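Below is one structure, written out as structure tokens; comments come after it.
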Amino acid sequence: MSNLKKQIKANATAVASALLLSAAVSNTSAQEKTGILGVDHIGINVPDMKQAVNFFTDVLGFSAVTNLGPIPLDNTWKKNNHMQSETGPVTIKMIKAGTGANIELFEYKDNKGSLQQPGGDDIGASHIAFYTNDISKSVAYLKSKGVQFLGEPFLMPSGDTEGETWVYFVTPWGSKMELVSYPNGKGYEKKNPATILWSPKDVVKNQTEKSDLKPLSETEIKSLVEGHLAIWNERDLKKREALMSKIYAGDIEMVDSHFVAVGYKEINGFVDGLQQKSPNSRFSHIKAIDVNHNIARLYWQNGTPEKPDAVTGMDLFVFENGKAVKLYVFVDNKN
């Protein structure tokens with residue numbers, strides 16, 4: 001273990017740099033082509049489903065959600081998946097592992113495959129790392145539940161993972177898993193990288209921040225909708241952008257029957273086009289603004305002083321975290 005720590009310390013920067021370079025090569029365009037959003041689940045085979053479920057639920061505090069099987073497997077399936085022909089039906093359970101990817105457990109009845117856990121340097125060997133804000137507390141608790149650890153927590157002293165503490169432990173059936181913690185971030189983040197690694201701690205932080213936000217009152221929502229009208233009537237581009245930042249979320253989606261505009265720039269361009277086409281027209285109320293929790297309706301008209309209702313319609317807003325995140329535009333058909 002000491003040799004492993006020395007080698008990690010010596011090579012941390014080089015290894016992490018290679019990983020970041022690899023991530024940069026697998027760019028967003030490839031992800032868009034495949035349509036992949038992220039990791040949904042991690043699958044592992046276990047010798048005893050009851051034992052595994054008890055470990056994940058009773059010891060780690062996760063939740064067993066779905067169950068399938070036993071499902072008989074035909075010989076073609078077994079051959080294509082490099083399985084022993086004599087292996088029996090499979091039972092599958094999906095575990096919700098806190099905030100992050102799910103864990104899918106497989107138990108094969110009369111399993112004729114290898115019962116030996118892969119070694120640390122075997123091809124295909126893998127492990128699951130669980131994030132904790134307090135690794136000492138987590139280790140103490142798991143030890144009290146009889147969990148075996150492969151050493152003591154190790155703090156990365158330098159390199160891209162500087163500030164990360166980790167330690168391996170073993171499940172009752174022998175699979176290696178990990179606890180990891182970096183409450184103050186990792187070393188690479190100080191370099192202002194283009195991409196930040198996903199972390200469950202960030203998701204929990206964002207959820208906490210959202211839950212701490214006080215819901216908007218009806219009066220506040222009506223005020224924001226009035227601000228929306230001011231945006232669409234403002235002729236000065238910079239003033240309009242300043243108003244948008246107060247009323248709209250940065251990634252607001254405006255959904256029209258003919259197009260979708262996302263963000264300030266696209267909506268600003270559309271408003272600018274309307275104003276250039278009809279420089280003397282203005283938007284105004286037809287009737288009072290309706291509010292239902294975080295949703296509001298604005299019935300509007302647009303036209304010149306001579307004909308203020310040349311165009312009429314309704315805007316539907318969805319508000320989150322104090323700003324409009326969705327704007328659905330309905331334009332009335334004129335006979």
Side-chain angles (χ1 to χ4, degrees), residues 1-24 26 38-39 41-42 44 55-62 95-103 117-209:
M1 187 65 175
S2 60
N3 290 334
L4 173 61
K5 291 178 180 178
K6 290 178 181 178
Q7 182 133 7
I8 289 174
K9 182 178 179 180
N11 298 331
T13 302
V15 172
S17 297
L19 288 172
L20 289 175
L21 177 60
S22 173
S26 302
V39 177
H41 68 270
I42 301 161
I44 56 174
F55 177 74
F56 281 114
T57 57
D58 297 345
V59 178
L60 298 187
F62 299 154
I95 306 293
K96 178 176 171 55
T99 299
N102 304 299
I103 300 173
Q117 289 287 342
D121 57 351
D122 288 342
I123 300 300
S126 60
H127 68 274
I128 302 173
F130 301 107
Y131 185 84
T132 171
N133 281 322
D134 188 336
I135 198 165
S136 297
K137 180 179 178 181
S138 297
V139 168
Y141 172 76
L142 291 181
K143 283 185 175 180
S144 74
K145 303 291 283 187
V147 175
Q148 177 190 354
F149 281 82
L150 303 178
E152 296 300 322
F154 176 65
L155 174 64
M156 299 299 289
S158 61
D160 280 358
T161 54
E162 178 184 358
E164 175 184 289
T165 303
W166 57 271
V167 64
Y168 289 129
F169 64 93
V170 181
T171 66
W173 59 94
S175 289
K176 184 172 74 173
M177 297 193 179
E178 179 182 356
L179 288 179
V180 63
S181 185
Y182 41 91
N184 297 315
K186 300 183 183 182
Y188 83 97
E189 296 174 26
K190 300 175 183 177
K191 304 174 185 177
N192 297 316
T195 301
I196 298 292
L197 293 170
W198 182 89
S199 173
K201 76 181 181 72
D202 297 329
V203 176
V204 172
K205 178 183 177 183
N206 292 338
Q207 290 174 342
T208 302
E209 289 175 348

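As the structure is a prediction and not an experimental result, all values here were calculated from the model.
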| said: Show the nearest heavy-atom pair for residues Ile135 and Thr165, with the distance to one decimal. | reply: CD1-O, 3.6 Å

| query | Are any non-hydrogen side-chain atoms of Val139 and Phe149 less than 4.5 angstrom apart? | reply | yes

| Are Asp58 and Lys145 ion-paired here, with the side-chain N under 4.0 Å from a carboxylate O? | no

| Regarding Tyr182 and Ser199, is there a side-chain donor-to-acceptor distance under 3.5 Å anywhere? | yes

| request: Give the minimum heavy-atom separation between Ile44 and Trp173, together with the two atoms involved. | output: CD1-CZ2, 4.3 Å

| note | dist Met156:CE -> Thr161:OG1 (nearest 0.5 Å) comes out at 3.5 Å

| said: One pair to check against ring pair (Phe, Tyr, Trp, His ring centres under 6.0 Å): Phe62 and Phe130. What are the steps and the verdict? | reply: CA-CA 11 Å; Phe62 299 154; Phe130 301 107; 5.4 Å; yes

| field | Lys96: salt bridge (charged side-chain N to carboxylate O under 4.0 Å, His left out) partners, not counting sequence neighbours | value | none

| request: Answer yes or no: is there a side-chain heavy-atom contact under 4.5 Å between Ile196 and Glu189? | output: yes

| Closest non-hydrogen atom pair between Tyr131 and Pro200, with its separation | CB-CG, 3.5 Å

| remark: Separation between NZ (Lys137) and CG (Leu142), nearest 0.5 Å, reads 12.0 Å

| request: State the NZ-CD1 distance between Lys176 and Ile128, to the nearest 0.5 angstrom. | output: 12.5 Å

| query | Side-chain contact, heavy-atom cut-off 4.5 Å: Val147 with Phe55? | reply | yes

| From Lys143 NZ over to Gln148 CD, what is the distance, rounded to the nearest 0.5 angstrom? | 10.5 Å

| query | Taking only residues two or more places apart in sequence or in another chain, which ones pass side chain to side chain donor-acceptor pair (under 3.5 Å) with Lys186? | reply | Glu164

| Minimum-distance pair of heavy atoms, taken over all atoms of Pro118 and Ala125 | CB-CB, 4.1 Å

| task | List the steps and the verdict of side-chain contact (heavy atoms from CB on, under 4.5 Å) for Asp160 and Lys191. | result | CA-CA 9 Å; Asp160 280 358; Lys191 304 174 185 177; 2.7 Å; yes

| note | For Glu178, the side chain to side chain donor-acceptor pair (under 3.5 Å) test, sequence neighbours excluded, returns His127

| request: Verify, without hydrogens or angle tests, whether Tyr188 (side chain) and Leu197 (backbone) share a donor-acceptor contact under 3.5 angstrom. | output: yes

| query | Under the 3.5 angstrom rule, does the side chain of Thr171 hit a backbone N or O of Ser175 as a donor-acceptor pair? | reply | yes

| message | For a quick test of reading the model, state the closest non-hydrogen atom pair linking Asp134 to Ser181 and the distance between them. | response | N-OG, 4.4 Å

| task | Could you go through the side-chain contact (heavy atoms from CB on, under 4.5 Å) check for Glu152 and Val167 one step at a time? | result | CA-CA 6 Å; Glu152 296 300 322; Val167 64; 5.7 Å; no

| Can you name the nearest heavy-atom pair linking Ile95 to Phe56, along with the distance? | CG2-CB, 4.2 Å

| query | To the nearest 0.5 Å, how far apart are CZ in Phe169 and CG in Leu150? | reply | 10.0 Å

| query | Once you round to the nearest 0.5 Å, how far does OG1 of Thr99 lie from CG of Asp202? | reply | 11.0 Å

